[in-house]
Amino acid sequence: MGYQHWPANFSEEIKTPLLEKRTKKKSLRERIPARYVLTFLTFLGLGIQYTQRVNLNVTMVAMVNSTSIGGMENETSTDDCPNIFATSTNVTRDYKEGKYTWSPSTQGVILGAFYYGYVFTPLLGGRLSELLGAKWLLGGGIFFTSLLTLITPMAAEWGVGVMVALRVIVGAAQGVNSASMYAMFSRWAPTHERSRLLSICTIGQHVGTIITMPTSGFLIQYDVGGGWPSVFYLFGMIGCLWFVFWVCLVYNTPAEHPRISKAELIYIQQHLPQTSAGRKFFLRTCALHFGKSDGSTNPLGPASRLHDNVVTFSRSVCVMACRSDVITVAFIVSSGLSFWWWNPPLWGLSKNSN
């Protein structure tokens, strides 16, 4: 029959009959941990961030009038190396010619403008995460760039200068996201899960790039929603929709989360590191960004225009390679300074250290 009167120091878990324990259903918040929801939304957010970063590399082909640009280049070209791939036959394109007569050099300036804003703001990302909260910095940055993505077709109408300025602002807004992501997971990810959760988030960046290319090409080729402007409208609206879920489901720390289970909260708090090897983390972060920013994004601009002008592609690759080295070094330095800035106790400047 069991005890009729339980001692006062017995917990409710002990008092619960074994059969009831086995049949008791777990609540939704117990089946889906809050840290996994954060990881999934960060995965989607970084994917959306990359769709907004690389979509211009595809739409640029449809935005410009290649026939008009080719005619002007033939009249003024002084290249020592002739275009041996040029033929006298007419080329049939699967998409409508654009109305912008931007030269290849102008296109390169527009495509590269993103990185001139991107390399400077990681320095501020960590500190702003402390002041504003990583939730609002990461989510607000993607939401802001989503709004800028929506007005990109309008910016193109206003001129090259406006287009360049918009891309610089987009790059600056996305530059803070990496530092804010690490700041967020330093409070949410247990030590033995941290590498796995951050790896899942990082995969989202590459998934976003993979999805952007065929989706943009499909919208442009079949003139869906007006052609190339629909690419910016689609990814901009997806980013705004993602921000709604981010605001409702994500919090800066586990203690602030109203729906986290008590067991998960205790588990996270018990497995957060008190100290860390800051220098090793700095080197891993630099290596990650070196491969991610330099290897997966920079070649997309010239590669998307390969079929239009092979000689232009060759020159663009050379210019991009030289520029990418400078950008990569600047990004590594700024990322490292960001880490040292937002977490000084890790390198021996805590108030308790003597």
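Keep in mind it's a predicted model, so treat the numbers as computed, not measured.
Across every non-hydrogen atom of T145 and A173, the tightest pair is CG2-CB, 3.5 Å.
Side chain of W102 to backbone of V64: no donor-acceptor contact under 3.5 angstrom is found. N65 contributes no side-chain N or O that, together with a main-chain N or O of K99, makes up a donor-acceptor pair within less than 3.5 Å.
No more than 12 heavy atoms of other residues, nucleotides or ligands lie within 6.0 Å of CZ in F40, so this atom counts as exposed by the packing criterion.
Within the 4.5 Å cutoff, no side-chain heavy atoms of L38 are placed close to those of Y251. When side chains are defined from C-beta on, Y182 counts as touching L198, because their heavy atoms get closer than 4.5 Å.
With hydrogens and angles left out, the side-chain atoms of T152 and T149 include no donor and acceptor closer than 3.5 Å. If you check the side chains of S146 and Q52, you find a donor sitting under 3.5 Å from an acceptor. Of the N and O atoms on the side chains of Y100 and Q107, not one donor lies less than 3.5 Å from an acceptor on the other residue.
Between F218 and Y222, the distance from one ring center to the other falls under 6.0 angstrom.
Residues L249 and M184 are members of one and the same hydrophobic cluster, defined by side-chain heavy-atom contacts under 4.5 angstrom among Ile, Leu, Val, Met, Phe, Trp and Tyr. L234 and V244 fall into different hydrophobic clusters, where Ile, Leu, Val, Met, Phe, Trp and Tyr side chains are chained together by heavy-atom contacts under 4.5 Å. No continuous path of ILVMFWY side-chain contacts below 4.5 Å connects W158 to V160, so the two sit in separate hydrophobic clusters. W242 and I210 end up in different hydrophobic clusters when Ile, Leu, Val, Met, Phe, Trp and Tyr side chains are linked at under 4.5 Å. Note on V162 and M60: separate hydrophobic clusters, where clusters join Ile, Leu, Val, Met, Phe, Trp and Tyr whose side-chain heavy atoms are under 4.5 Å apart, directly or indirectly.
A cation-pi geometry, defined here as NZ or CZ lying under 6.0 Å from the six-membered ring centre and within 45° of its normal, holds between R53 and Y118.
In this structure, CD in Q221 is found 12.5 Å from OG in S216, a value given to the nearest 0.5 Å. With values rounded to the nearest 0.5 angstrom, F243 atom CZ is found 12.5 Å from F144 atom CZ.
For F232, there are no ring-ring contact (aromatic ring centres under 6.0 Å, His included) partners at least two apart in sequence or on another chain.
Classification of R259 and E264 as a salt-bridged pair fails, no side-chain N sitting under 4.0 Å from a carboxylate O. Ionic pairing of E256 and K135 is not present here: no N-O contact between side-chain nitrogen and carboxylate oxygen is shorter than 4.0 angstrom.
Using cut-offs of 30° and 60° for the angle between ring planes, the Y267 and H192 rings count as perpendicular.
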